[in-house]
Amino acid sequence: METSFTLSSSLTKEERYQQFIPLLATYLAGEQEAVSVLANVSAALHEAFGFFWVGFYLVKDKDTLVLGPFQGSAACFRIRKGRGVCGTAWAEARTQVVPDVELFPGHIACSSLSRSEIVVPILQEEQVVGVLDIDSPQLNQFDEIDRHYLEQITQLITQTIRLLPKPIA
Ligand code: SME
């Protein structure tokens, strides 16, 4: 199955998300392999929106996020709960929209080119199991439109794959 996530350049950001989400839902339907799904979601977001860095950090143990599939330059392997934008999104279980990373206390600069960022927690059975992180080299690149649709995308992910440990049978 070949699927293109390249969208028309004349669309507004909101129209792009509105076209992208049904395409992604169809593409993911029936696939349950977690790493493969996360890899293709980051690739699809990169293709459709041209994000500078887009990818996942996944909860490991009780206080650490580890780097998951992503598109962009090599990034920090581990982030502690409550640290940086990603660790804050986990600790607060709330999306963080950061218009200027230099003004975010404790921001972790994986790339010195990153200027603004959005981090969306991924919730499964009311627990944060990871985060979706997107960085831009320009200030003020993310807003309520991104928050609204990226939260829908993280819900689609947890409807598709299980990121919590399997319950003991
Ligand atoms: N800036 C993030 C770290 C991850 S990188 O941006 C890929 C943070 O402050 O949590």
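Every number for a ligand or one of its atoms is a count from 1 in the order of the listing.
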Subject >> Distance filter under 4.0 Å to Asp133 heavy atoms, resulting ligand 1 atoms >> reply: 4 (C), 5 (S), 6 (O), 7 (C)
**OP:** Return a yes/no value for Cys86: is any of its N or O atoms, backbone included, closer than 3.5 angstrom to an N or O of ligand 1?
**Re:** yes
**OP:** State whether the shortest distance between N or O atoms of Asp135 and N or O atoms of ligand 1 falls below 3.5 angstrom.
**Re:** yes
Original post:
Does the side chain of Gln152 come under 3.5 Å of the side chain of Tyr17 through a donor N or O and an acceptor N or O?
Top reply: no
Original post:
Would Tyr57 end up clustered with Val66 when hydrophobic side chains under 4.5 Å apart are linked, directly or stepwise?
Top reply: no
**OP:** State the atoms of ligand 1, each with its element, that fall below the 4.0 Å cut-off from a heavy-atom position in His107.
**Re:** 1 (N), 9 (O)
Original post:
Below 4.5 Å, heavy atoms only, C-beta onward: do Val59 and Ile122 meet side chain to side chain?
Top reply: no
Original post:
Based purely on interatomic distance, does Gly87 place a nitrogen or oxygen under 3.5 Å from a nitrogen or oxygen of ligand 1?
Top reply: no
**OP:** Output the list of atoms in ligand 1 that are nearer than 4.0 Å to some heavy atom of Gly84, sorted by atom number.
**Re:** 9 (O), 10 (O)
Original post:
Against heavy atoms of Tyr57, which atoms of ligand 1 measure under 4.0 Å?
Top reply: 4 (C), 7 (C)
**OP:** Using a strict 4.0 Å threshold on nitrogen-to-oxygen distance, state whether Glu151 and Arg94 make a salt bridge.
**Re:** no
Original post:
Which atoms from ligand 1 have a heavy atom of Glu117 less than 4.0 Å away?
Top reply: 1 (N), 2 (C), 6 (O), 8 (C)
**OP:** Pick one of side chain, backbone, both or neither for how Trp53 approaches ligand 1, counting any non-hydrogen atom pair under 4.0 Å.
**Re:** side chain
Subject >> Hydrophobic cluster identity match, Val131 and Phe51, side-chain contacts under 4.5 Å >> reply: no
**OP:** Over all heavy atoms of both residues, which pair between Asp135 and Ser114 is shortest? Give the atoms and the distance, please.
**Re:** OD2-OG, 2.9 Å
**OP:** May I ask you to test the Gln159-Gln124 pair for a side-chain heavy-atom distance under 4.5 Å?
**Re:** no
Original post:
With backbone taken as N, CA, C and O and side chain as the heavy atoms from C-beta onward, which portion of Val85 lies under 4.0 Å from ligand 1: side chain, backbone, both, or neither?
Top reply: both
**OP:** Using a 4.0 Å heavy-atom cut-off, say whether Ile79 meets ligand 1 through its side chain, its backbone, both or neither.
**Re:** side chain
Subject >> Parallel, tilted or perpendicular, as decided by the 30° and 60° cut-offs, for the rings of Tyr27 and Phe5 >> reply: perpendicular
**OP:** Decide, yes or no, whether a salt bridge links Arg115 with Asp100 under the criterion of side-chain N to carboxylate O below 4.0 Å.
**Re:** no
Original post:
Heavy atoms only: which of Ile108, Ile134, Val101 is nearest to atom 9 (O) of ligand 1?
Top reply: Ile108
Subject >> Per-atom contacts of ligand 1 with Cys110, taking only distances under 4.0 Å to non-hydrogen atoms >> reply: 3 (C), 4 (C), 5 (S), 7 (C)
